[in-house]
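Reckoned from all heavy atoms, side chains included, excluding hydrogens, waters and symmetry mates. By convention in this document, chain letters (A, B, ...) are assigned in the order of the sequence lines, proteins followed by strands, and residues within each chain are numbered from 1.
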Amino acid sequence: MNYWLVKSEPDVYGWDHLVKEKEGTWDGVRNHQARNNLKAMKKGDLVLFYHSQSTKDVVGVAEVSKEFFQDPTTDDPAWVSVKLKPYKKFTEPVTLAAIKANVKIKELVMLRNGRLSVMPVSKPEFNEIVKMSKTKL
DNA sequence: GCCAACGTTGGC
DNA sequence: GCCAACGTTGGC
């Protein structure tokens with residue numbers, strides 16, 4: 001079981017969209033590093049769902065429901081998508097400021113490479129963020 | 001709205 | 001193959 005974090009602009013495709021659709025296709029990724037991470041995702045992996053730009057917080061956990069396949073938004077076989085479904089909404093969103101303030105997770109990839117949209121999260125980091133959200137998974 | 005970080009593009 | 005210019009992302 002691996003853990004991940006995906007970033008999304010809530011205006012474009014936020015947590016609420018995912019909940020409404022029940023299952024969302026994570027397409028349009030055009031970054032090699034992010035693509036490699038998508039390919040490494042396994043069904044059942046848990047994914048922190050981060051809202052960028054407006055609220056800047058992790059709002060919940062999604063689950064990988066389908067492993068990578070050809071990105072439907074392009075014919076270029078270089079790009080892939082996965083499918084995600086909502087797993088659990090956080091009781092309290094975990095803000096970027098709170099993450100930055102927590103020394104236990106200062107190695108989080110997001111803090112080092114702010115522009116990556118799909119990134120791995122270690123198990124301790126995942127657990128710590130869930131703990132900060134006061135959510136029981 | 002500004003700026004930093006990073007990826008991509010194109011000239012050489 | 002290097003590097004400057006440019007575009008995009010995302011935090012502030």
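Protein atom CG of A:N113 is 17 Å distant from nucleotide atom P of B:dA4, rounded to whole Å. The separation between A:Q53 atom CD and B:dC2 atom P is 17 Å, rounded to whole Å. Atom CZ of A:R115 and atom C1' of B:dC3 are 13 Å apart (whole Å). Note: CD (A:Q33) to P (B:dT8) measures 10 Å, nearest angstrom. Remark: P of C:dG10 and CG of A:L111 are 14 Å apart, rounded to the nearest angstrom. Spacing between atom NE2 of A:H32 and atom C1' of B:dT9 amounts to 14 Å, rounded to whole angstrom units. Distance CG (A:N31) to P (B:dT9): 12 Å, rounded to an integer number of Å. Separating the CG atom of A:L5 from the C1' atom of C:dG10 is a distance of 14 Å, rounded to the nearest angstrom.
Here A:Y50 reaches the OP1 or OP2 of C:dG11: one of its side-chain N or O atoms lies under 4.0 Å away. Distances shorter than 4.0 Å separate none of the side-chain N or O atoms of A:K7 from OP1 or OP2 on C:dT8. Proximity of A:H51 to the phosphate of C:dG10: no side-chain N or O atom is located under 4.0 Å from OP1 or OP2.
The nucleotide whose nearest atom lies closest to any side-chain atom of A:E9 is, among B:dT8, B:dC6, C:dG10, C:dG10. Comparing B:dG7, C:dC12, B:dT8 by their closest approach to the side chain of A:K56 singles out C:dC12.
In this structure, the side chain of A:K7 engages the main chain of A:L116 through a donor-acceptor pair within 3.5 Å.
Applying the side-chain contact (heavy atoms from CB on, under 4.5 Å) test between A:V47 and each of A:V118, A:V61, A:L84, A:V121 identifies A:L84 as the sole match.
Note on A:D71 versus A:R30: salt bridge recorded, some NZ/NE/NH1/NH2 to OD/OE distance being below 4.0 Å.
Side-chain atoms of A:V130 and A:L46, non-hydrogen and from C-beta on, never get closer than 4.5 Å to each other.
Using a 4.0 Å heavy-atom cutoff across all strands shown, A:L96 reaches sugar-phosphate atoms only and no base atom.
Between A:F49 and A:W26, the gap from one ring centroid to the other is short of 6.0 Å.
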